[in-house]
Amino acid sequence: MNIKNYTTLIRGILYVQEIIRCKSINKAAEENNIKASNLSLIISNFEKEIGFKRSSQGCMPTKQGCKIAELAVELKEQIQKMSNWHENMCQKNRMLNIYVSPNMELTDWSDFEKNHPTIKLNFVEEDIMADIKISNTPPVNPSEKYTELHIGGSLRQKIWICCNERNPKALEFFDFIVAKLLLLYDQSKL
């Protein structure tokens, strides 16, 4: 069975369970924001296979339909667990760990948070946990990707910015820092 078939089967089972729970196609359709005619069409193939009977009093499950409804409840619980896990992962991914070398200071970072309200900056004391590392010493790990910037007028200061390129939010903050540094450099030349 391929993914498309699994998706169709899961959708049908979940709709059948809703129909059995509501005892009505119309009520199940209304609660799930679907037209009753579309819901009827979706479950028509499942009606005989899965087991429920339509009547003027509503929809009643057969013995096999009751078993399917029980399994559908378990399926919904598993889907909810996956959804909760995904939401938790998204929450974690909204936080960016930033390391700034102790002899440096990062100013104006609040501008980034204003323009990116869904991303929380978390300044960490150890660079091992950082998505972005800002330092005036080169990275210890030679395989680590970084950008080296030279800023200043008569006195040259090197700054290394290492970025976790797999994290799109880290790339956004990296771009923000580089833009700020380049703007600062342009102003110092005036």
Side-chain angles (χ1 to χ4, degrees), residues 1-99 109-124 128-133 143-145 162-177:
M1 189 177 260
N2 62 31
I3 291 176
K4 184 177 179 182
N5 291 342
Y6 277 127
T7 304
T8 303
L9 177 64
I10 290 168
R11 182 177 74 162
I13 289 171
L14 292 174
Y15 275 134
V16 166
Q17 191 272 332
E18 281 295 292
I19 292 167
I20 291 170
R21 183 184 66 80
C22 295
K23 296 184 172 108
S24 162
I25 289 177
N26 290 334
K27 188 173 178 186
E30 182 180 319
E31 287 186 17
N32 288 282
N33 299 320
I34 186 172
K35 291 181 181 179
S37 59
N38 290 347
L39 180 55
S40 182
L41 185 63
I42 290 169
I43 58 101
S44 63
N45 293 337
F46 294 95
E47 195 171 350
K48 293 175 187 150
E49 294 171 22
I50 292 179
F52 72 89
K53 297 175 186 172
R54 296 186 202 196
S55 72
S56 57
Q57 287 86 23
C59 296
M60 297 300 298
T62 63
K63 188 174 184 179
Q64 184 178 351
C66 288
K67 180 63 178 168
I68 294 294
E70 287 174 25
L71 294 172
V73 169
E74 291 175 25
L75 177 62
K76 284 172 79 173
E77 289 170 359
Q78 291 299 317
I79 291 170
Q80 187 61 50
K81 283 180 186 177
M82 287 188 280
S83 177
N84 292 344
W85 176 84
H86 182 263
E87 182 61 30
N88 287 337
M89 291 306 293
C90 288
Q91 290 289 343
K92 288 178 186 172
N93 290 337
R94 288 185 189 133
M95 184 175 290
L96 268 181
N97 290 324
I98 312 297
Y99 171 79
W109 54 268
S110 58
D111 291 348
F112 180 82
E113 288 187 320
K114 287 176 192 168
N115 295 326
H116 300 84
T118 61
I119 302 174
K120 170 103 173 80
L121 299 180
N122 179 41
F123 291 90
V124 295
I128 192 88
M129 299 298 295
D131 296 305
I132 297 277
K133 301 173 195 172
S143 67
E144 193 167 30
K145 296 194 184 225
C162 301
C163 177
N164 176 354
E165 293 179 335
R166 292 175 303 235
N167 185 337
K169 291 171 182 26
L171 291 170
E172 287 181 50
F173 192 63
F174 172 84
D175 291 343
F176 169 81
I177 294 169

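Residues: numbered from 1 along the sequence shown.
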**Q** Are Lys114 and Asp111 close enough that some pair of their side-chain heavy atoms sits under 4.5 Å apart?
**A**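 Counting from C-beta outward, Lys114 and Asp111 do come under 4.5 Å.
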
**Q** Within the side chain of Asn97, is there an N or O that forms a donor-acceptor pair under 3.5 Å with the backbone of Asp131?
**A**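 Between the backbone of Asp131 and the side chain of Asn97 there is no qualifying donor-acceptor contact (under 3.5 Å).
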
**Q** Find the distance between NE2 (His116) and CG (Leu96) and round it off to the nearest 0.5 Å.
**A**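 Result: 10.0 Å between the selected atoms.
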
**Q** For atom CD of Glu31, decide whether the heavy atoms of other residues, nucleotides or ligands shown that lie under 6.0 angstrom number more than 12.
**A**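 Result for CD/Glu31: enclosed.
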
**Q** Kindly give the heavy-atom pair with the smallest separation between Ala72 and Leu14, and that separation in Å.
**A**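 So the minimum-distance heavy-atom pair works out to O-CD2, 3.9 Å.
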
**Q** What distance separates Tyr15 OH from Ile25 CD1, expressed to the nearest 0.5 Å?
**A**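 Answer for the OH-CD1 pair, Tyr15 versus Ile25, is 12.5 Å.
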
**Q** Report yes if some heavy atom in the side chain of Ile119 is under 4.5 Å from a heavy atom in the side chain of Phe173; otherwise report no.
**A**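 The answer is no; the side chains never approach within 4.5 Å.
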
**Q** Please confirm whether the backbone N or O of Ser37 pairs with a side-chain atom of Ser40, one donor and one acceptor, at under 3.5 Å?
**A**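 Checked: no pair found.
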
**Q** Taking NZ, NE, NH1 and NH2 as the nitrogens, is one of them in Arg21 or Glu18 under 4.0 Å from a carboxylate oxygen of the other?
**A**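 A salt bridge is present here (some side-chain N lies under 4.0 Å from a carboxylate O).
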
**Q** Would you find more than 12 non-hydrogen atoms of other residues, nucleotides or ligands less than 6.0 Å from Lys76 atom NZ?
**A**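 Enclosed.
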
**Q** Side-chain contact test, heavy atoms from C-beta onward, threshold under 4.5 Å: evaluate it for Ile13 versus Leu71 and give yes or no.
**A**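 No; the side chains remain at least 4.5 Å from each other.
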
**Q** Between Asn2 (side chain) and Lys4 (backbone), is there a donor-acceptor pair under 3.5 Å?
**A**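 Yes, Asn2 side chain to Lys4 backbone: donor-acceptor pair under 3.5 Å.
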
**Q** Out of curiosity, Cys66 SG to Gln17 CD, how far, rounded to the nearest 0.5 Å?
**A**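 Here the interatomic distance stands at 11.0 Å.
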
**Q** Pair Asn32, Leu39 - check side-chain contact (heavy atoms from CB on, under 4.5 Å), show working.
**A** CA-CA 10 Å; Asn32 288 282; Leu39 180 55; over 6 Å; no

**Q** How close do Ile132 and Ala170 get, heavy atom to heavy atom, and via which atoms?
**A**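 For Ile132 versus Ala170, the nearest heavy atoms are CD1-O, 3.2 Å.
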
**Q** Given side chains that start at C-beta, do those of Leu9 and Asn5 come closer than 4.5 Å, heavy atoms only?
**A**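 SC-SC contact between Leu9 and Asn5 ruled out.
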
